[in-house]
Amino acid sequence: MGKEKIILTGDRPTGKLHIGHYVGSLRRRVELQDSGDYDKIFVFEADGQALTDNIENPEKVRQNVIEVALDYLSAGLDPKKTTLFIQSQIPELYELSFYFMDLVTVSRLQRNPTVKTEIQMRNFETSIPVGFFTYPISQAADIAAFKATTVPVGEDQEPMIEQTREIVRRFNYIYGDTLVEPEILLPDNSACLRLPGTDGKAKMSKSLGNCIYLSDPADEVEKKVKSMYTDPTHIKVSDPGKLEGNTVFTYLDAFCRPEHFGRYLPDYADLNELKAHYTRGGLGDMKVKKFLAAVMQETLEPIRMRRHEFEKDIPGVYEILKKGCEVAREAAAKTMSEVRNAMKINYFEDMSLMEEQAKRFSK
Ligand code: TRP
């Protein structure tokens with residue numbers, strides 16, 4: 001039997017998910033889920049990791065756990081095919097993190113570029129919480145505990161996966177082949193690597209107020225698209241327009257499919273034609289924005305509808321998470337038992353140990 005193909009990925013529940021999450025990861029997860037190519041799929045909320053820099057704000061994490069669960073379900077993750085769970089409910093993950101800590105040096109952690117930037121962004125300077133500093137180790141445990149072979153994440157997570165691979169290699173080298181080295185699975189469409197905010201800023205973020213949320217009502221989406229950043233030098237309709245840094249076109253790259261033209265903008269055959277006209281001059285921003293709004297609503301409407309259904313049964317959503325935690329815990333516990341055997345900390349399971357010791361002391 002070949003090795004099982006197992007997907008694991010997740011998000012910190014620090015805010016509702018937005019369309020950047022959708023095109024960058026959620027959409028892909030649903031495709032992977034429905035592809036039938038994987039034996040198991042785990043998608044989880046990293047609430048423990050979220051707490052590493054929100055320890056004084058547990059209510060924020062608690063509120064967002066249900067928001068993100070609703071986002072997952074409404075985006076199309078199906079609990080029949082994907083195990084949805086919450087990190088903190090799987091104590092085995094913390095147990096494994098503790099042993100992994102001995103396989104990584106402080107200087108190696110200090111070199112992790114993602115953690116470095118995050119520390120700067122949070123102005124931690126010399127007051128970095130130890131838990132935050134070591135979250136790449138706990139992330140390695142998240143992945144290894146499920147023997148994940150495939151981790152679909154954005155490129156900012158690359159250093160985490162690399163660090164996981166190093167830890168797993170080191171573990172297997174010392175204790176024998178036990179854990180699985182995961183592969184990263186990056187988004188396939190370059191427009192999706194990072195969707196800019198509606199203001200054209202490089203990143204969509206709650207603090208910048210430039211997000212379109214999956215849970216935004218239709219009129220809100222419409223409003224946000226209409227006020228979106230385009231090309232500031234494209235003033236008159238007749239002016240030639242630039243595509244680079246033009247948020248409306250970046251979003252079209254991420255959302256638009258050829259069939260949308262027939263439905264909403266039949267004067268153009270495809271996106272290339274529309275872009276050519278815009279660059280040449282003679283195409284107004286409003287026309288492009290109206291088209292984008294139509295395209296986005298087509299994608300977002302079914303998500304909103306599903307969300308409304310799940311919102312009517314919140315206890316049902318908690319039940320889905322609880323069931324998912326049970327399934328996840330069983331998988332992690334199985335790995336942990338192998339880890340304890342490999343690390344020789346299985347005192348009560350290993351009968352030969354007791355016999356050996358008894359013999360030794362009876363002499
Ligand atoms: N660090 C990830 C993020 O911020 C969340 C995460 C935690 C994760 N553990 C993981 C992602 C394991 C993939 C695999 O989005």
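All ligand and atom numbering here is 1-based and tracks the order in the structure.
- A distance-only check finds no donor-acceptor pair linking the side chain of Asn210 to the backbone of Thr198 [under 3.5 Å].
- For ligand 1, the atoms lying closer than 4.0 Å to a non-hydrogen atom of Ala46 are 7 (C).
- Ligand 1 has an N or O atom lying under 3.5 Å from an N or O atom of Asp142, backbone or side chain.
- Among all protein heavy atoms, the one lying closest to atom 1 (N) of ligand 1 is Gln49 OE1, 2.8 Å.
- Nearest non-hydrogen protein atom to atom 4 (O) of ligand 1 is Arg12 NE, 3.2 Å.
- Using modelled atom types and a 3.5 Å distance limit, the side chains of Asp71 and Tyr213 yield no donor-acceptor pair.
- The distance from the CZ atom of Phe261 to the CD atom of Glu259 is 10.5 Å, given to the nearest 0.5 Å.
- Interface atoms of ligand 1 facing Leu8, defined by a heavy-atom separation under 4.0 Å, are 12 (C), 14 (C).
- At a heavy-atom distance under 4.0 Å, only side-chain atoms of Gln157, from C-beta outward, approach ligand 1.
- For ligand 1, the atoms sitting less than 4.0 Å from at least one non-hydrogen atom of Gly10 are 5 (C), 11 (C), 13 (C), 15 (O), numbered in the order shown with element in parentheses.
- Ranking protein heavy atoms by distance to atom 8 (C) of ligand 1, first place goes to Gln139 NE2, 3.4 Å.
- The aromatic rings of Phe85 and Phe42 lie perpendicular to each other, with more than 60° between the two planes, well past the 30° mark.
- The CG atom of Leu271 sits 7.0 Å away from atom CZ of Phe291, with the distance rounded to the nearest 0.5 Å.
- Between Asp142 atom CG and Met160 atom CE the span is 11.5 Å, to the nearest 0.5 Å.
- Side-chain contact annotation: Asp11 with Tyr72, donor-acceptor N/O pair under 3.5 Å present.
- For ligand 1, the polar-atom distance check finds no N/O of Thr9 at less than 3.5 Å from any of the ligand's N/O atoms.
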